[in-house]
Amino acid sequence: MSLLMHTLHVELGERSYPVYIGRDLLSDSVLLGQHIRGSQVVIVSNDKVAPLYLDRVRAGLGDRGLVTEVVLPDGEQYKTLATLAEIFDQVMADNHNRTTTFIAVGGGVVGDITGFAAACYQRGVNFVQVPTTLLAQVDSSVGGKTAVNHPLGKNMIGAFYQPAAVLIDTNTLHTLPPRELSAGLAEVVKYGLICDEPFYRWLQEQMPRLMAREEAALAEAIERSCSNKARVVAADEREGGIRAILNLGHTFGHAIEAAQGYGQWLHGEAVATGMLLALELSARRGHIPDHEVASLRRLLADMHLPVDAPADMTAADFLEYMARDKKVVDGRLRLVLLDAVGEARIVDNVTENELMDLLDGTGSAA
Ligand code: NAD
Ligand code: GLY
């Protein structure tokens, strides 16, 4: 029996859509049915998630004229143009027309690639996100960024393409490996730090319940995260300005991911250490007190997230990888710092000396 706990809306005019959060929503035929326009459906998942959840999504679809199941190999290394072409091969072979609906069932990799496939197929077809990792539930399924990777850069080929709905089933989190849960929680903490101080204080208190996967606490954290993301996306859908605050810690984090070789550190783990570096820099600039840096460090450690930059990574390594980041505009590095807990600001005046002092030889983020 499904239980709808929260519904919120991403307000984008005619492209507005609901985000549903609750238990057993995967197979809620009423909710899902409202967002499927025709009799054709393409479910895209991967070989880890499909055995766990695909049958239940399919059962929730009821009788449809045509249902194609595309099961991709699991992993970020398959988030490629080649995999996209395989999706199109199957969808074309089954004769899907422009009334078809693509449903993504999986983490951020499946969501990003399926969204991009939906954006491209017949110049854009209906699309529903059913995210099954915490990271996908609080971040990648909401906001319409879709993409695949290019060998020379992550998420370099893609489109802004909003889903028709997001169905978040908190029950899927019970099968998530602990490391993936912690990585998703890092992004949850991010929302508190950038734009919602009361939420951050709540997270500091409630983290043991979240780590224990208590349903009500998780649903609350997901709702607050998605509400904050929805507000930022509604204000700046295509990241002309304020949306960039969602990247707190990401420029440092991307440098760690790239330097270690993708797949060593999870994205959320690298973001955790990156957020700590961003707060340390904010404190050095006098915007936040030192004790906030120390308490974030304790919180992240309690979440089993890394709090020190990789010991073998020098300041020069950081600078090299950060210079290649998408957030470099006209040669100027743009970083998200805090003016206060719950108030982020994008700055482009951080000097190389400040970064060297922050990063050099410490092997430690705070
Ligand atoms: P992922 O999709 O690789 O999922 C992590 C692992 O968990 C995978 O092995 C997956 O198969 C498995 N998994 C998924 N659901 C599960 C479940 N319920 N139980 C057990 N295992 C499960 O990684 P992710 O962290 O979800 O997403 C990362 C991707 O998201 C990256 O490609 C990143 O670029 C992208 N991303 C996109 C946005 C955006 O705004 N579009 C934002 C953040 C991240
Ligand atoms: N994950 C950052 C964004 O959606 O803009």
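Numbers here are sequence positions counted from 1.
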Under 3.5 Å donor-acceptor, Thr100 side chain and His96 backbone: no

Quick one: CD on Gln264 to CG on Leu266, what's the gap to the nearest 0.5 Å? 10.0 Å

Check side chain to side chain contact (heavy atoms under 4.5 Å, CB included) between Thr175 and all other residues, then give those that pass, not counting sequence neighbours. Leu52, Tyr53

Distance col, row Lys79:NZ vs Ile157:CD1, nearest 0.5 angstrom, shows 11.5 Å

On the 0 to 90° scale, with breaks at 30° and 60°, tag the Trp202-Phe199 ring pair as parallel, tilted or perpendicular. parallel

Is any side-chain heavy atom of Ile43 closer than 4.5 Å to a side-chain heavy atom of Leu61? yes

Regarding Lys145 and Asn155, is there a side-chain donor-to-acceptor distance under 3.5 Å anywhere? no

In Å, rounded to the nearest 0.5 Å, how long is the span from CZ of Arg298 to CD of Gln204? 8.5 Å

Is the shortest side-chain heavy-atom distance between Glu11 and Val233 below 4.5 Å? no

Under the side chain to side chain contact (heavy atoms under 4.5 Å, CB included) rule, collect the residues that match up with Asn95, sequence neighbours excluded. none

Kindly give the heavy-atom pair with the smallest separation between Gly107 and Ala136, and that separation in Å. C-CB, 3.8 Å

How far apart are the C-alpha atoms of Glu237 and Lys229, what are their side-chain angles, what is the distance that settles it, and do they pass the salt bridge (Lys or Arg N to Asp or Glu O under 4.0 Å) test? CA-CA 11 Å; Glu237 184 182 9; Lys229 178 148 189 188; over 6 Å; no

Which residue pairs satisfy the ring pair (Phe, Tyr, Trp, His ring centres under 6.0 Å) criterion with at least one member in residues 274-324, sequence neighbours excluded? none

What are the two closest non-hydrogen atoms of Thr251 and Arg334, and how far apart are they? OG1-O, 4.0 Å

Check: Asp317 side chain, Thr314 main-chain N or O, donor-acceptor pair, under 3.5 Å: yes

Yes or no on side chain to side chain donor-acceptor pair (under 3.5 Å) for Asn97 and Thr99, after CA distance, side-chain angles and deciding distance? CA-CA 6 Å; Asn97 63 35; Thr99 68; 2.6 Å; yes

Contacts of type ring pair (Phe, Tyr, Trp, His ring centres under 6.0 Å), residue Phe252, not counting sequence neighbours: none

If hydrophobic clusters are built by linking Ile, Leu, Val, Met, Phe, Trp and Tyr wherever their side-chain heavy atoms come under 4.5 Å apart, do Leu300 and Val341 end up in the same one? yes

Salt bridge (charged side-chain N to carboxylate O under 4.0 Å, His left out): pairs with one or both residues in residues 254-274, sequence neighbours excluded: Arg179-Glu269

For the pair Glu205 and Arg201, find out whether any cationic side-chain nitrogen is under 4.0 Å from an anionic carboxylate oxygen. no

In the structure I gave you, are the side-chain heavy atoms of Val166 and Pro18 within less than 4.5 Å of one another anywhere? no

Apply side-chain contact (heavy atoms from CB on, under 4.5 Å) to residues Ile103 and Val41 and explain how you reach the verdict. CA-CA 7 Å; Ile103 305 177; Val41 174; 3.6 Å; yes

Is a donor from one side chain sitting under 3.5 angstrom from an acceptor on the other, for Asn126 and Thr101? yes

Assess the residue pair Ser182 and Met211 against the criterion (side-chain contact (heavy atoms from CB on, under 4.5 Å)); give the C-alpha distance rounded to whole Å, side-chain angles, the decisive distance to 0.1 Å, and a yes or no. CA-CA 8 Å; Ser182 293; Met211 289 294 284; 3.8 Å; yes

Check: Leu279 and Leu338 side chains under 4.5 Å, non-hydrogen atoms: yes

Using salt bridge (Lys or Arg N to Asp or Glu O under 4.0 Å) as the criterion, point out the one residue from Asp302, Asp290, Asp308 that pairs with Arg297. Asp308

Under 3.5 Å: donor-acceptor pair, side chain of Thr114, backbone of Val44: no

Could I get the full list of side chain to side chain contact (heavy atoms under 4.5 Å, CB included) partners for Thr146, not counting sequence neighbours? Phe116, Ala159, Tyr161

Is the backbone N or O of Asp74 less than 3.5 Å from a side-chain atom of Asp47, with the two atoms forming a donor-acceptor pair by type? yes

Set of side chain to side chain donor-acceptor pair (under 3.5 Å) partners for Arg345, sequence neighbours left out: Asp339

If the threshold is 4.0 Å, N to carboxylate O, is there a salt bridge linking Arg23 and Asp169? no

Sequence neighbours excluded, every pair satisfying ring pair (Phe, Tyr, Trp, His ring centres under 6.0 Å) that has a member inside residues 10-46: Tyr20-His35

Sub-4.5 Å side-chain heavy-atom contact between Cys226 and Ile168: yes

Going through the distances and angles, do Arg243 and Asp236 end up as a salt bridge (Lys or Arg N to Asp or Glu O under 4.0 Å)? CA-CA 6 Å; Arg243 183 166 177 165; Asp236 177 23; over 6 Å; no

Kindly indicate whether the side chain of Leu305, heavy atoms from C-beta on, has any atom under 4.5 Å from the side chain of Trp265. no

With rounding to the nearest 0.5 Å, note down the distance linking CG in Leu26 to CG in Leu31. 11.0 Å

Going through the checks in order, is the side-chain contact (heavy atoms from CB on, under 4.5 Å) test met by Val128 and Leu32? CA-CA 8 Å; Val128 175; Leu32 192 53; 4.2 Å; yes

Looking only at atom types and distance, does a side-chain atom of Asn228 sit under 3.5 Å from a main-chain N or O of Arg224, one as donor and one as acceptor? yes

Verdict with reasoning, Thr80 to Asn149, per side-chain contact (heavy atoms from CB on, under 4.5 Å): CA-CA 5 Å; Thr80 59; Asn149 301 329; 5.6 Å; no

Here the pair of heavy atoms bringing Leu173 nearest to Leu134 is CD2-N, 3.5 Å

What's the spacing between Glu280 CD and Leu359 CG if we round to 0.5 Å? 10.0 Å

So side-chain hydrogen bond (donor to acceptor under 3.5 Å, both in side chains) across residues 128-137, not counting sequence neighbours, yields Gln137-Thr172

Who are the side chain to side chain contact (heavy atoms under 4.5 Å, CB included) partners of Tyr78, not counting sequence neighbours? Pro73, Thr83

Would you say Asn247's side chain and His250's backbone share a donor-acceptor pair under 3.5 angstrom? no

Do Glu187 and Ser225 make a side-chain contact, defined as non-hydrogen atoms from C-beta onward lying under 4.5 Å apart? no

State the OG1-CG distance between Thr170 and Asp24, to the nearest 0.5 angstrom. 8.0 Å

Residues that, via side-chain heavy atoms closer than 4.5 angstrom, fall in one hydrophobic cluster with Leu3: Met5

Hits for salt bridge (Lys or Arg N to Asp or Glu O under 4.0 Å) against Arg37, two or more places apart or cross-chain, chain-then-number order -> none

Electrostatic pair Arg284-Glu354, nearest N-O below 4.0 angstrom: no

Within the 4.5 Å heavy-atom criterion, are Gln162 and Phe127 side-chain neighbours or not? no

Is a side-chain donor or acceptor of Ser45 paired with a backbone partner of Val105 at a separation under 3.5 angstrom? yes

